[in-house]
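These notes concern the structure reproduced below.
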Amino acid sequence: MTIAFAPVEVPVHRRLQTAAVLQWIYSFLCLAPTCIFLFLYLLFTRFWLVSVLYSVWWFFDYDTPARGGRRVSMICDLKMWEYMRDYFPIKLVKTADLDPRHNYVLGFHPHGVLVTGAFTNFCTHATGFKQLFPGLTSYLLMLPLWFRTPFFRDYIMSAGLIPSDKKSASYPLSKRGGGNVVVIAVGGAPEALDAHPGTYTVLLAKRKGFIKLAMENGAHLVPVFSFGENELFDQVGNQKGTWLRWLQERMQGIMGISLPLFHARGIFQYSFGLLPYRKPINTVVGRPIRVERNEKPSGEELDALHQLYMDELSNLFEEHKGNYGVDKDTQLNFV
């Protein structure tokens with residue numbers, strides 16, 4: 001394999017962009033186990049009191065993630081998120097106004113390997129969510145497992161992340177007065193296994209939990225399609241029926257997280273590594289689907305709204321695919 005090295009003279013701003021993405025990759029893949037190790041390590045040092053005091057704090061603060069978390073504007077405003085935005089670059093595209101008097105459930109598609117577009121657009125202020133949708137506060141759902149990790153839980157809450165269980169997702173949506181947006185990567189961890197460049201497969205055909213969540217809380221549904229999300233990484237071939245896919249699905253069933261074997265480029269060379277490719281991401285927010293409050297929807301009502309949502313997502317994809325380099329004959333594949 002021929003290695004393509006990066007030029008020696010690279011502008012400072014591009015180095016800073018790479019550094020910003022590198023810290024995000026580290027946070028996503030390594031920070032949680034690092035925090036666990038640190039918490040346990042401190043117990044056996046003269047700084048043991050740090051872990052003990054944190055444990056006391058954790059006991060009293062345990063339910064905070066399920067009550068909307070603890071967003072810190074200073075974290076969302078950090079300059080490094082702007083450098084991360086410009087690395088790809090990432091753009092948030094608005095197609096319709098969202099009335100801040102209502103609450104919303106945004107279905108994000110596709111998941112991609114690391115939900116890069118969802119995090120940058122809805123957990124930071126780098127792409128202008130606050131300006132595009134004034135009066136709205138976004139909450140991105142994340143696996144509850146990560147909120148049981150010392151120190152790390154506080155970091156992810158500071159960016160507006162909350163657990164993906166029903167209780168946590170319902171809390172912002174149940175608030176009167178509106179202005180709350182819950183963002184759900186509907187395909188979840190299993191969809192990450194299908195995040196190959198050039199594929200437009202979304203795991204949605206049987207996913208109705210988010211539809212029921214919206215109906216029970218009277219929150220309007222909004223489809224979101226992130227063009228370019230699947231182009232950031234290559235994956236080792238794991239088609240359905242292969243031993244690797246069987247193992248990945250088995251591990252996902254046990255651990256709750258998927259383990260895609262992805263790779264892209266490195267820091268000083270472009271041939272291999274875990275840094276994503278510099279491919280543009282355009283996250284298009286569709287038109288809202290009005291949802292009336294229905295605490296006990298029937299199966300028929302649930303199916304009808306689910307079909308309407310799929311139709312709207314398909315229409316959103318068809319309307320905008322030509323703007324972002326998708327072949328005119330390409331269609332969304334619902335599985």
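Because only heavy atoms are used, hydrogens play no part in the values below, and waters and symmetry mates are left out as well, while side chains stay in. Quick caveat, the model's predicted, so the values are computed rather than measured.
- Between Q248 and L244 the shortest side-chain heavy-atom distance falls below 4.5 Å.
- Under a cut-off of 6.0 angstrom, the local environment of CZ in R245 is crowded, with over 12 non-hydrogen atoms contributed by other residues, nucleotides or ligands.
- No side-chain heavy atom of L232 sits under 4.5 Å from any side-chain heavy atom of V113.
- Across every non-hydrogen atom of S314 and L332, the tightest pair is CA-CD1, 4.2 Å.
- Side-chain contact between V183 and Y139 is absent, with no heavy atoms from C-beta onward closer than 4.5 Å.
- A single hydrophobic cluster is seen to contain both V93 and F227, as judged by linkage of ILVMFWY side chains at heavy-atom distances under 4.5 Å, directly or through other members.
- Using modelled atom types, no side-chain atom of Q17 and backbone atom of Y83 make a donor-acceptor pair closer than 3.5 Å.
- Grouped by direct or indirect side-chain proximity (heavy atoms under 4.5 Å, Ile/Leu/Val/Met/Phe/Trp/Tyr only), V335 sits with L203.
- Between Y200 and F317, the angle of the ring planes lies from 30° to 60°, which puts this pair in the tilted group.
- Between the S55 side chain and the S51 main chain, a donor and an acceptor come within less than 3.5 Å of each other.
- Within a 6.0 Å sphere centred on CZ of R293, other residues, nucleotides and ligands contribute more than 12 heavy atoms.
- Annotation: the span from E318 atom CD to L313 atom CG amounts to 10.5 Å, rounded to 0.5 Å.
- Side-chain contact between S170 and L213: present, with at least one pair of heavy atoms (C-beta onward) separated by less than 4.5 Å.
- At least one donor-acceptor pair closer than 3.5 Å links the side chain of T45 to the backbone N or O of F47.
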(request) Take R101 and D99, measure what salt bridge (Lys or Arg N to Asp or Glu O under 4.0 Å) needs, and give me the verdict at the end. (result) CA-CA 5 Å; R101 292 175 297 179; D99 190 338; 2.6 Å; yes

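- Aromatic rings of F233 and Y277 (six-membered ring for Trp) have centroids beyond the 6.0 Å cut-off, not under it.
- Within the structure, ring-ring contact (aromatic ring centres under 6.0 Å, His included) contacts touching residues 201-223 (residues at least two apart or in different chains) are H102-H220, Y104-H220, F210-Y309.
- Ring centroid separation for the pair F28 and W24 comes in under the 6.0 Å cut-off.
- Smallest separation of non-hydrogen atoms from V291 and A219: CB-O, 3.3 Å.
- The closest donor-acceptor contact from the side chain of N230 to the backbone of P197 lies at 3.5 Å or more, if one exists at all.
- For the atom pair I281 CD1 and L92 CG, the distance stands at 12.0 Å (nearest 0.5 Å).
- Not less than 6.0 angstrom separates the ring centroid of Y41 from the ring centroid of F39.
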(message) The test is salt bridge (Lys or Arg N to Asp or Glu O under 4.0 Å); show your working for E301 and K296 and say whether it passes.
(response) CA-CA 10 Å; E301 292 171 326; K296 294 183 178 180; over 6 Å; no

(request) Show your reasoning for whether side-chain contact (heavy atoms from CB on, under 4.5 Å) applies to H109 and L204. (result) CA-CA 9 Å; H109 313 269; L204 179 60; 4.1 Å; yes

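- The closest side-chain heavy-atom distance from T127 to F122 is not below 4.5 Å.
- Y270 and F5 have their aromatic ring centers separated by at least 6.0 angstrom.
- Within 6.0 Å of OH on Y62 lie no more than 12 heavy atoms contributed by other residues, nucleotides or ligands.
- Of the possible donor and acceptor atoms, one in the side chain of Y54 sits under 3.5 Å from a partner among the backbone N and O of F151.
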(message) Test salt bridge (Lys or Arg N to Asp or Glu O under 4.0 Å) on R153 and D61; report intermediate values, then the result.
(response) CA-CA 11 Å; R153 67 187 288 275; D61 194 58; 3.1 Å; yes

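- Applying the 6.0 Å contact sphere to NZ of K167 captures no more than 12 heavy atoms from other residues, nucleotides or ligands.
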